[in-house]
Participant: 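Here it is, the structure, as structure tokens.
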Amino acid sequence: MIEEPAATTIDRVVELRRAIHRRPELGFEEHETQALVERELDALGIEHRRAAKTGVVGIVRGALAGRVAGLRADMDALPITERSGEPFSSEIPGKMHACGHDAHTAMLLGAARELQAMADRLHGTVVLLFQPAEEGPGGAEAMIAEGALADPRVEMAAMLHVDVRLAPGTIGITPGGVNASADELYVTVRGKGGHGAYPHTSIDAIPAASAIVIALQQIASRETDPLKSVVVTIGTISGGYRNNVIADEVQLSGTLRAHDPQLRDGLEAKVRRIVEHTAAAYGASAEVRIVRGYPPVVNDIELAENFSRYMRENTSIDVERPAPTMGAEDFAYFALAVPGVQVRLGIRSEAAGSVFPGHSPEFRIDEAALSVGVRTLVAFAVAAGAGALL
Ligand SMILES: [Zn+2]
Ligand SMILES: [Zn+2]
């Protein structure tokens, strides 16, 4: 059995979570959060080093032989002004922990405390991955490039993310694809400007851009397998000068998302064909630029199934299998490097006001979930170290 964390551990996790919540920092600016993590690890006697500028890698060494497990927590906040009404709200206007990364970091510190306390009977090694910049531009790739998974060599990794679809006491583990890739799309449509009264003397970029926006919707409805998820969203459109001037240029931007890596790779060609030929049909031209973002998160099937079973057999925590989402997560890079599993942590509670989705200025967390999260992280490290998962 994996016992519930000590009450002193949970008190400390709540304290740390609130301290981090008060002082939110954006990606690669997590200096205070990094210092807090380092102070806590020092106090626990856990060795650590820096990685990816504002990240921290900690190592808990079990006394017994075993495998190496990675536990990852993201540390960064969002450029949002908080309206949660929590007494420990952000002290920094325009910045807020609205995605739960404050809780993720605090829970990993809580798990570190529990694991260090049981080090004399722990199998294997636990690598604590405190990662910056999940919300962008992305810290996972930099952590890996700097050897976070190499010394010691991590053999499997897990992460928690709070989830408002599930209640405290429940976690979600879904084998296979759980988060989408997220690529940025930029389109420039070029025509020929002129007087609004003489359309025949110019090439209007506005109707060409409008037709492109509509035509791109056919990708999801006509061009891809209906059983494979894809999103093509145009988020911005801008162009033109005033009411009686024909626009010579329009800019569009959007996001392209998919779960299937092959479908994702095929999107660029589809977008280019549709955009360029639609523009040509209007006598205009168009330029497409796609910036590759995070890959899809694919949970290792065997690891996810085995960890689900382990949790059911060794804890009282409810394990559900929530539907995948089209959100994105840079844990994807860890899960490409080693078998990985993203665990969703239930936080929904009407009583605690924890009903708002991540990235909402009113976002709240039912702190009853923190104990469940710490226990889940400890369980993964214990089971992985003992060779019970892979
Ligand atoms: Zn987020
Ligand atoms: Zn997040």
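Note that ligands are numbered from 1 as they come in the structure, with each ligand's atoms numbered from 1 the same way.
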Participant: Looking at Thr174 and Pro322, would you say the former's side chain and the latter's main chain have a donor-acceptor pair under 3.5 Å?
Facilitator: yes
Participant: So does His104 have any N/O/S atom less than 2.8 Å away from the Zn ion (ligand 2)?
Facilitator: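 So His104 does not count as coordinating the Zn ion (ligand 2).
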Participant: With the Zn ion (ligand 2) as the reference point, give the N/O/S atom of His101 that is nearest.
Facilitator: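 Going by distance to the Zn ion (ligand 2), the closest N, O or S atom in His101 is NE2.
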Participant: For His21 and His97, take the angle between the two ring planes, folded into 0 to 90°, and tell me which bin it lands in: parallel under 30, tilted 30 to 60, perpendicular over 60.
Facilitator: tilted
Participant: Anything under 30° is parallel, anything over 60° is perpendicular, the rest tilted; go ahead and classify Phe331 against Phe334.
Facilitator: tilted
Participant: Please indicate whether His277 has more than 12 foreign heavy atoms, meaning atoms of other residues, nucleotides or ligands, lying under 6.0 Å from its NE2.
Facilitator: no
Participant: Taking the N/O/S atoms of His359 one by one, which is nearest to the Zn ion (ligand 1)?
Facilitator: NE2
Participant: Mind checking whether Leu128 and Val68 sit in one hydrophobic cluster, side chains of I, L, V, M, F, W, Y counted as touching below 4.5 Å?
Facilitator: no
Participant: So, of the N/O/S atoms that Glu135 has, which is the nearest one to the Zn ion (ligand 1)?
Facilitator: OE2
Participant: Quick check on the Zn ion (ligand 1): does Cys99 put an N/O/S atom closer than 2.8 Å to it?
Facilitator: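 Cys99 does place an N, O or S atom closer than 2.8 Å to the Zn ion (ligand 1).
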